[in-house]
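Please read all numbers here as calculations on a predicted model, not as lab measurements. Heads up: numbering here begins at 1 and tracks the sequence.
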Amino acid sequence: MASSTGFSLNFSPLSTSLKHNQVPLHGISNVNLLSLPSLRIRPGPMRLRVSCAAKPETVDKVCSIVRKQLALPEDSSVTGESKFAALGADSLDTVEIVMGLEEEFGISVEEESAQSIVTVQDAADLIEKLVEKKDV
């Protein structure tokens with residue numbers, strides 16, 4: 001539910017009587033529909049991303065590998081939230097980081113999965129998922 005001071009908007013499923021850019025409003029007197037010309041509602045499945053935090057030791061190991069691959073000082077701040085780009089990594093650096101992770105953890109990261117890694121936490125989560133699959 002979207003809300004603002006003084007009123008609230010309840011977005012309901014579209015009925016067949018509404019145009020594709022109209023949203024029914026409930027709880028606002030004298031207003032039944034709100035027309036949103038820039039709103040585009042696309043049919044199809046909703047995407048849900050579930051993130052399970054990796055073990056702290058996995059995150060620490062990834063931080064260490066990232067520091068080494070990027071030649072960062074040992075006291076530099078690298079955390080799970082650190083983005084590779086913000087640490088100065090370009091696309092080649094990111095490939096080298098992934099190769100270091102593969103070697104360290106004995107896993108193989110598909111190119112499609114490697115491209116979705118943006119942060120240290122993303123890498124740690126993926127590693128744990130791949131290690132778990134490998135151990136099954």
Once side-chain hydrogen bond (donor to acceptor under 3.5 Å, both in side chains) is applied, do any residues pair with Glu110, and if so which ones, sequence neighbours excluded?
none
Shortest non-hydrogen contact from Leu101 toward Ala123:
CD1-CB, 3.9 Å
Restricting to pairs with a member in residues 61-78, which pass salt bridge (Lys or Arg N to Asp or Glu O under 4.0 Å), not counting sequence neighbours?
Lys61-Glu104
Would you confirm whether Glu102, through its side chain, and Val109, through its main-chain N or O, come within 3.5 Å as a donor-acceptor pair?
yes
Nearest heavy-atom neighbours spanning Asp122 and Ser116
OD2-O, 3.8 Å
Output side-chain donor-acceptor pairs under 3.5 Å for residues 126-134, partner residues at least two apart or in another chain, one line each.
| residue | atom | partner | partner atom | Å |
| --- | --- | --- | --- | --- |
| Glu128 | OE1 | Lys55 | N | 3.4 |
| Glu128 | OE2 | Lys55 | N | 2.8 |
| Glu128 | OE2 | Thr58 | OG1 | 2.7 |
| Lys134 | NZ | Gly106 | O | 3.1 |

Sequence neighbours excluded and cut-off under 3.5 Å, please list the side-chain donor-acceptor pairs for residues 76-92, or say none.
| residue | atom | partner | partner atom | Å |
| --- | --- | --- | --- | --- |
| Ser76 | OG | Pro73 | O | 2.7 |
| Thr79 | OG1 | Glu81 | N | 3.3 |
| Thr79 | OG1 | Glu81 | OE1 | 3.3 |
| Thr79 | OG1 | Ser82 | OG | 3.4 |
| Ser82 | OG | Thr79 | N | 2.8 |
| Ser82 | OG | Thr79 | O | 3.2 |
| Asp90 | OD1 | Leu92 | N | 3.1 |
| Asp90 | OD1 | Asp93 | N | 2.8 |

Starting at CD1 of Ile65, measure out to CD1 of Ile97 and round the result to the nearest 0.5 Å.
9.5 Å
With Glu96, which residues qualify under side-chain hydrogen bond (donor to acceptor under 3.5 Å, both in side chains), at least two apart?
none
Going by chain and number, the hydrophobic cluster around Met99 (ILVMFWY, side chain to side chain under 4.5 Å) further includes Val95
For the residue pair Ile117 and Val98, establish whether any side-chain heavy-atom pair is separated by less than 4.5 Å.
yes
Partner set under side-chain hydrogen bond (donor to acceptor under 3.5 Å, both in side chains) for Thr94, not counting sequence neighbours
none
